[in-house]
Amino acid sequence: MNRLLADIRRRISAVRPTRWVRFALVSIVFFLWVAWMGCWPLALLWLLLADIYILGYIPFTWWKKSKSRAVRSVMGWVDAIVYALVLVYFIFAFVGQNYQIPSSSLEKTLLTGDYLWVNKMLYGPRVPMTPVHFPLVHNKMPVIGTDSYLDSPSLPYHRLKGLRSVEAGDIVVFNFPAGDTVATRLEESPEYYDLLVARYGRDFVKSHPEQFGRVKYRPVDRRQNFVKRTVGLPGQRLRIVADTIYIDDVAQQMPANAQFNYILATSRTLDEDYLRELGVTPSDAGLLNFDPSERMRLTDWIPAAASSPLIYMLPLTTGMIERLRADGRADGLAKVNDIFRTTGADIHLFPAGVSDEWTLSDYGGADGLYIPRRGDTIGLNPHTWAIYNRCIRNYEGHHDAYLGADGRVYIDGKPADSYTFAMDYYFMMGDNRDMSQDSRFWGFVPEDHIVGSPMLVLISFDRDRSIFNGGIRWSRILRDANPDK
């Protein structure tokens, strides 16, 4: 024992002052992290830090004493890379992370090709549910396509204390709730698994891996990342009337950048330069070809369609419409959703079996849709089961819950007349209202799926242009990612 103590004293006395300073700083950060985590047994890991910085019993730096120059060189790089990966792991897990905007659902606030810095500390970071994962990729390794994480060990949902809770109008990054089961070949497409099952049947999807890929389950924090605007908070009742959102029967202001799909009749070509000046991504503007009978049917909504030679479909904001009219390029126009509503177009909205008469523009029915709040209790019947069964079964873990043949709801195998929610839920929508796959299609976002809120646009690339021909949107670099808040 005396020999061990003497050896410890010898090692301590040999440590340079600069290393003591580094150790002290690392220790302060470490104990602040432990306090933030609220798990004091983690403090035992400080002994490992003490050995790394001071004592040196574990030979992490054995390679520095190697006689081989190649070994020292290679291991020097390995040491630096491992250190960087560990640092990135903790920054990405507890501070923030970069994300790419893959779709146009939030245009014109966020554009396809924007790379965002997402603040995870605002709402409090989640403790990683799949702690063993490669830190620079989400759920699949590049090239080889294997999972970038291990299913085990896994941790239950726990969120650290943040600066505030989610507020109405916040743009939020979250894991796709309906992405718990995926067909791996179509995982990053709009054709998510529930849609495939509704279209082809569960057995067909599972038995055709060459078409759909493997069917597999994704843990919550490994599901695809979505970004939308928060329009409904826990405990609120939401409905949409003529595109205006009502929360608890109070009309909400339309975001300045909200846009809708329009059919436009014009006698003047909308070339690429004009579309860009207008603010429309050229690939989002389609020139439509109608035969004479179809064109005549279109005149019920756009009388000018009979004489105007060009018919476009494109997303527009109120400001863009005013510009088109001022430029004499809008002979007539009508919202696509207004046309769908009168033609009875088949759009599958959430919740199935309840939303048959709803549309994207008129949603929620006369009473609105209640957004679950932690601790609130609802009565259970076939109607409420149709709305909240996914919350109960998939998100809150009551897998043995179902609607019986007798019309009663059973939870954990027992009949239940009511249910008390264990989590808060949110209703999310895109500003590009007609081009957004959001809560109107797949339902509520549980609190354990919330990742964080975008702070900055780091850089932005125009998908329709090369790097050397305006492909970088210089005006968006370091721009506020949520200017409406």
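These numbers come from a predicted model, not from an experiment.
E322 meets the salt bridge (Lys or Arg N to Asp or Glu O under 4.0 Å) test with no other residue; sequence neighbours excluded. With sequence neighbours left out, Y425 forms a ring-ring contact (aromatic ring centres under 6.0 Å, His included) with no residue at all. Residues forming a ring-ring contact (aromatic ring centres under 6.0 Å, His included) with W117 (at least two apart in sequence, or on another chain): none.
Looking at S308, its side chain never comes within 3.5 Å of a backbone N or O of L310 through a donor-acceptor pair. A side-chain donor-acceptor contact under 3.5 Å links D438 to the backbone of G430.
Between Y388 and F421, the ring planes are perpendicular. Angles over 60° get that label, and only those under 30° would be called parallel. Between F427 and Y363, the two ring planes are tilted [angle within 30° to 60°]. Ring-plane geometry between F226 and F174 is classed as tilted, the angle between the planes lying from 30 to 60 degrees on a 0 to 90 degree scale. Ring planes of Y419 and H398: perpendicular class, angle over 60° (limits at 30 and 60°).
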Apply ring pair (Phe, Tyr, Trp, His ring centres under 6.0 Å) to H133 and Y89, showing your working. CA-CA 9 Å; H133 65 269; Y89 177 97; 4.9 Å; yes
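Using a 4.0 Å cut-off between charged side-chain N and carboxylate O, D400 and R393 make no salt bridge.
For the residue pair D221/T130, the side-chain donor-acceptor check at 3.5 Å is satisfied. Side-chain contact annotation: N139 with S148, donor-acceptor N/O pair under 3.5 Å absent. Side-chain contact annotation: N257 with R229, donor-acceptor N/O pair under 3.5 Å absent. Using modelled atom types, one finds no donor on one side chain facing an acceptor on the other under 3.5 Å when comparing T377 with S418.
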